[in-house]
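Residue numbering restarts at 1 for every chain, and letters A, B, ... go by the order of the sequence lines.
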Amino acid sequence: MRIWTGTKRTAPDNRARSGSRAGRVNGLRRPLMTLVVLAAAGALAAGCGSSGPGSGSGGSGGAASPVGSGSSGVAMVNAASSKLGMVLVDGSGRTLYLFEKDQPNQSACSGACVAAWPVDQSSGTPKGGSGVKASLLGTIKRGDGSTQVTYDHHPLYYYSGDSGAGQQNGQGINAFGAAWFAVAPAGGAVSGGATATTTANGSGYGSGGGYGFGG
Amino acid sequence: MRAPDRAANPASVATVPLHRGARARSAIGSWTLRVGAAAALGVDAAVHWQNAPAYDAVTGTVSQGALFRTEAVVAVVTALLVLIRPRRSSWVAALLVAGSALGAVLLYRYVDVGVPGPLPDMYENTWQVPGKLLSAYAEAAAVVLVALGLLTHRKRPGMQRLLPVAAIPRKRG
């Protein structure tokens, strides 16, 4: 009874106080909540817009679906001059890369890795242009049935951060457990613009591109 | 001027709808934070789970793929806790999960920390990985939302109601 009486006597008072306080707090909180929700939605939308499987349009560049090559045609490999020196490019001038983690004629890149580093595909024996040793060109069969171009036993890839010809944004990037390098016409990795590292199979990088599988 | 009038008139029933409305708005705000935080943690979990197979070959004592799967499961669990059981401990757990995930992705994006202990070398100086940027945004959003959830966290209404009653001075005699 005492508790009930006390509650009856003081409850309106409490309600008035807490109601007033709640009203004041909510007056401040509502815009804050709106801001937070809008900011979160904006951040998520920005994230969705700037990154996604296959979109290849992250924070550093535009879309980068492989051009001038693919399963529908025979791949072309050329040598081209770049700020890194002579590097291998495809028929449209896009830079080709090798992955340190790959074994000779065996790709260690799949799933999300392939989305970031699309493979250089070919429907037949790739053709070598000027400056390229045609004898070093080859292909391997991937797990999904597609055919990937190799050079001196290195499976070749594009970089989704390159938006066109003449770019080497993937040079020296570490991703998926190892580094990625542009490929020199001699068959090794181009070491310019990257920290020299040791390959998974013990081979080292020299200043001129001493990357090799020992084969 | 209206609020003091209501306070001065304890018998006024006009304060009751205001109080309920305030509580309703507070509940909406709480739900917004909970749903937003859970959604952000869900995005984080989905990206990590989806990308995990590509990182199975990145190994130390434990593989990066296994760490990604663990992160995904823990993020889902904390998202559910925040959604279903929004206690202080749930908010703290979610803050730890989102904060550590955001810290890790930023650290390994910009600093080559090598192979610390049993962890693999997860240095990855690019955002050009599917969902990586999205995941980082989601983690940042989760940190903000969860921190706000923690700051605005209140005890259960039943507990609140007891406090004024306990504070009532009793008359003697």
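For chain A, the option among B:Ala57, B:Pro120, B:Ala52 with the highest count of heavy-atom pairs below 4.5 Å is B:Ala57.
The two atoms that bring A:Cys113 and B:Ala54 nearest to each other are N-CB, 3.9 Å, heavy atoms only. Across every non-hydrogen atom of A:Asn174 and B:Asn125, the tightest pair is N-OD1, 2.6 Å.
For the atom pair CG (A:Asn169) and CD (B:Gln128), the distance works out to 8.5 Å, reported to the nearest 0.5 Å. The distance from atom CH2 of A:Trp180 to atom OG1 of B:Thr126, rounded to the nearest 0.5 Å, is 11.0 Å.
Proximity to chain B (any heavy atom under 4.5 Å) is shown, for A:Ala175, by both the backbone and the side chain.
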